[in-house]
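Starting from 1, each residue takes its place in the sequence as its number. The model shown is predicted, which means the values in this text are computed figures rather than measured ones.
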Amino acid sequence: MQQQISPAGRLKGAVRLPGDKSISHRAAMLAAIAEGQSTLVNYATGADCGSTLKCLQALGVAVGIDGTTIRIDGCGLEGLQAPPVPLDAGNSGSTIRMLSGILAGQPFPTTIAGDESLSVRPMQRIMAPLRAMGAVVEARDEKFPPITVTGRRPLKSISYTPPMASAQVKTCVLFAGIYAEGETTVEESIPTRDHSEMALREFGADVATAPGRITIAGFPKLQGREFHVPGDISSAAFFLVAALLVPGSHIAIEGVGLNPSRTALLDYLIGLGAAVQVSRIEQVSGEMTGDLDVRHSPTGPGVIGGAMAAALIDEIPVLAVLGAAGGGLTVRDAAELRVKETDRIAALAANFQRAGVHMDVSPDGFSVPGGQKIRAASFDSMGDHRIAMAFAVAALCAGGPCTIEEAQAASVSFPEFYSYLARLAA
């Protein structure tokens with residue numbers, strides 16, 4: 001599918017975004033192993049979170065879908081059933097990595113596969129801790145999907161330090177810790193988003209946190225509940241950057257998740273001089289939410305590295321577009337970009353080249369000088385939802401109409417993205 005996008009005169013209006021993808025995955029998985037029914041309100045509409053629901057159904061979980069309201073009849077810790085066929089995680093790295101933690105505590109083998117993109121994403125990062133806890137985990141070439149998890153119950157509790165900053169790995173270990181005797185601990189040198197800790201507490205788990213240390217007690221009594229998912233701040237990033245770049249723009253984004261482990265985006269943009277304001281802050285289902293107001297404004301040069309690179313890893317593609325047309329951007333310590341849905345550093349470089357934008361590439365990052373004109377071009381999403389949406393934003397301030405190739409990739413996280421963009425530009 002191709003998507004035509006013309007330069008925008010201005011962007012104006014208010015939007016309420018679909019539910020946060022990261023939170024939706026976690027809430028659905030925990031609801032599946034809780035006692036009783038859970039209602040998930042504003043569940044993410046993207047294909048990735050749909051893959052999680054399909055996997056849970058294949059494990060014997062009753063799932064009712066009414067638009068963005070999901071009802072899940074929990075099976076309890078011991079109620080999942082061996083699936084008759086391999087689970088299909090689609091394009092979702094979150095599904096395969098985090099659900100594997102729960103599968104490690106089941107007394108049956110489960111194979112999880114995915115699409116072509118997922119089949120080349122590294123799995124050693126979850127295989128090592130799950131094996132240390134007593135599960136048998138096999139993978140293609142010892143590192144790629146499909147993977148087969150043969151669980152045991154109880155698992156052995158461990159203290160684990162992931163070799164890279166990864167909320168998915170942390171979550172996999174904590175979810176496995178639900179089925180471990182004693183306490184399981186994850187040590188983090190670089191903090192990652194803490195949605196798992198929040199959701200585990202909401203469903204009734206005993207989770208203790210200290211700086212750089214998260215501990216869960218085994219075999220908690222999880223209880224079904226009504227859980228409200230805030231709007232996805234990673235999706236908000238595209239509209240924030242679009243409004244900053246297109247003269248005359250003024251956008252309100254309502255009900256966005258403001259978890260402190262995710263608001264590095266706002267801190268970063270405000271630090272560049274962006275006209276972004278936050279209002280109506282409240283706490284819903286353990287997560288902070290609020291409204292964002294953003295106006296067109298010039299931005300200065302940016303540098304992203306260290307802990308900030310981990311915190312902004314999903315937003316870096318669209319921030320690169322802001323850097324190119326704005327004040328410039330240098331990114332380092334972000335080798336994780338190489339193993340996302342595509343090699344995002346290479347994808348950025350290839351598409352910037354099409355648009356006549358200069359970018360210097362390094363193994364773990366890149367540098368884009370600011371003040372560059374974006375030439376009208378045909379951009380290639382390479383099947384990556386964040387690349388598709390980032391260059392749709394670039395098209396809004398390009399020198400003429402642009403085309404996004406494989407534009408349907410955006411549906412992985414945000415099926416409504418192009419319609420939202422068109423409505424704001426109308």
Side-chain angles (χ1 to χ4, degrees), residues 3 5 17 21-22 46 48 91 93-94 117 121 193 232-245 262 264-266 268-269 272 274 299 302-305 308-355 357-362 364-370 372 374 377-398 402 404-414 417-418 421:
Q3 181 75 37
I5 299 180
L17 300 178
K21 180 170 168 273
S22 296
D48 274 8
N91 188 246
S94 296
S117 171
R121 298 185 67 181
R193 58 188 63 177
D232 196 324
I233 194 168
S234 292
S235 295
F238 300 100
F239 298 103
L240 291 169
V241 170
L244 292 172
L245 287 177
R262 298 282 293 283
L265 170 66
L266 302 180
Y268 174 79
L269 291 175
L272 298 184
T299 53
V303 177
I304 298 174
M308 183 170 282
L312 294 177
I313 200 71
D314 287 337
E315 292 77 37
I316 285 175
V318 76
L319 294 177
V321 172
L322 177 64
L329 173 63
T330 297
V331 174
R332 52 179 176 263
D333 307 319
E336 186 71 9
L337 289 170
R338 299 278 190 188
V339 292
K340 290 292 188 176
E341 283 81 344
T342 188
D343 179 338
R344 287 182 176 162
I345 294 174
L348 284 168
N351 282 298
F352 276 143
Q353 185 176 33
R354 293 184 179 204
V357 172
H358 178 73
M359 172 176 163
D360 292 317
V361 171
S362 66
D364 69 344
F366 58 87
S367 180
V368 180
Q372 300 190 68
I374 297 176
S378 177
F379 298 118
D380 187 355
S381 78
M382 303 184 186
D384 188 317
H385 57 129
R386 300 203 191 276
I387 296 298
M389 292 187 284
F391 283 93
V393 171
L396 296 174
C397 55
C402 297
I404 310 296
E405 300 168 15
E406 292 189 69
Q408 72 277 8
S411 66
V412 163
S413 61
F414 197 169
F417 173 73
Y418 300 110
L421 209 58

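Residues E341 and R386 have side chains not in contact (no heavy-atom distance under 4.5 Å, counting atoms from C-beta outward). Considering only heavy atoms from C-beta on, Y418 comes within 4.5 Å of I5 through its side chain. No side-chain heavy atom of L396 sits under 4.5 Å from any side-chain heavy atom of L245. The shortest distance between side-chain heavy atoms of L244 and L272 does not fall below 4.5 Å.
For the atom pair F238 CZ and D232 CG, the distance stands at 9.0 Å (nearest 0.5 Å). The CE atom of M308 sits 10.0 Å away from the CG atom of L265 when rounded to the nearest 0.5 Å. Atom CD of residue E405 and atom CD1 of residue I387 lie 13.5 Å apart, to the nearest 0.5 angstrom. We find the NE2-OG distance between H385 and S413 to be 4.5 Å, quoted to the nearest 0.5 Å. The CD atom of E336 lies 10.5 Å from the CD1 atom of I345; values are rounded to the nearest 0.5 Å.
No donor-acceptor pair closer than 3.5 Å links the side chain of N351 to the backbone N or O of F379. Remark: side-chain polar atoms of D364 are not paired, donor with acceptor, to backbone N or O of A335 under 3.5 angstrom. Distance alone, capped at 3.5 Å, is enough to place a donor-acceptor pair between the S381 side chain and the E406 backbone. No side-chain donor-acceptor contact under 3.5 Å links T342 to the backbone of R344.
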Listing, residues 310-325 side-chain donor-acceptor contacts under 3.5 Å, not counting sequence neighbours, or none:
unit_1: D314; atom_1: OD2; unit_2: R193; atom_2: NH2; d: 3.3
unit_1: E315; atom_1: OE2; unit_2: S234; atom_2: OG; d: 2.5

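For the pair K21 and V412, the tightest heavy-atom approach, listed with the atom from each and the gap, is CE-O, 4.4 Å. For I404 against A407, the heavy-atom pair with the smallest separation is O-CB, 3.6 Å. Contact record, I233 with R262: CG2-NH2, 3.6 Å, taken as the closest heavy-atom pair. Nearest approach of S367 to P369, heavy atoms of both residues: O-CD, 4.0 Å.
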Margin query: Is there a salt bridge (Lys or Arg N to Asp or Glu O under 4.0 Å) between D384 and K340? Walk through the geometry before answering.
Written below: CA-CA 8 Å; D384 188 317; K340 290 292 188 176; over 6 Å; no
In sequence, state the C-alpha distance, the side-chain angles, and the governing distance for I374 and V357, and then conclude on side-chain contact (heavy atoms from CB on, under 4.5 Å).
CA-CA 6 Å; I374 297 176; V357 172; 4.1 Å; yes
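In this structure R332 satisfies the salt bridge (charged side-chain N to carboxylate O under 4.0 Å, His left out) test with no other residue, sequence neighbours excluded.
The ring-ring contact (aromatic ring centres under 6.0 Å, His included) analysis of residues 323-355, with sequence neighbours excluded, yields the pairs F352-F391.
Between F239 and F414, the angle of the ring planes goes over 60°, which puts this pair in the perpendicular group of the 30/60° scheme.
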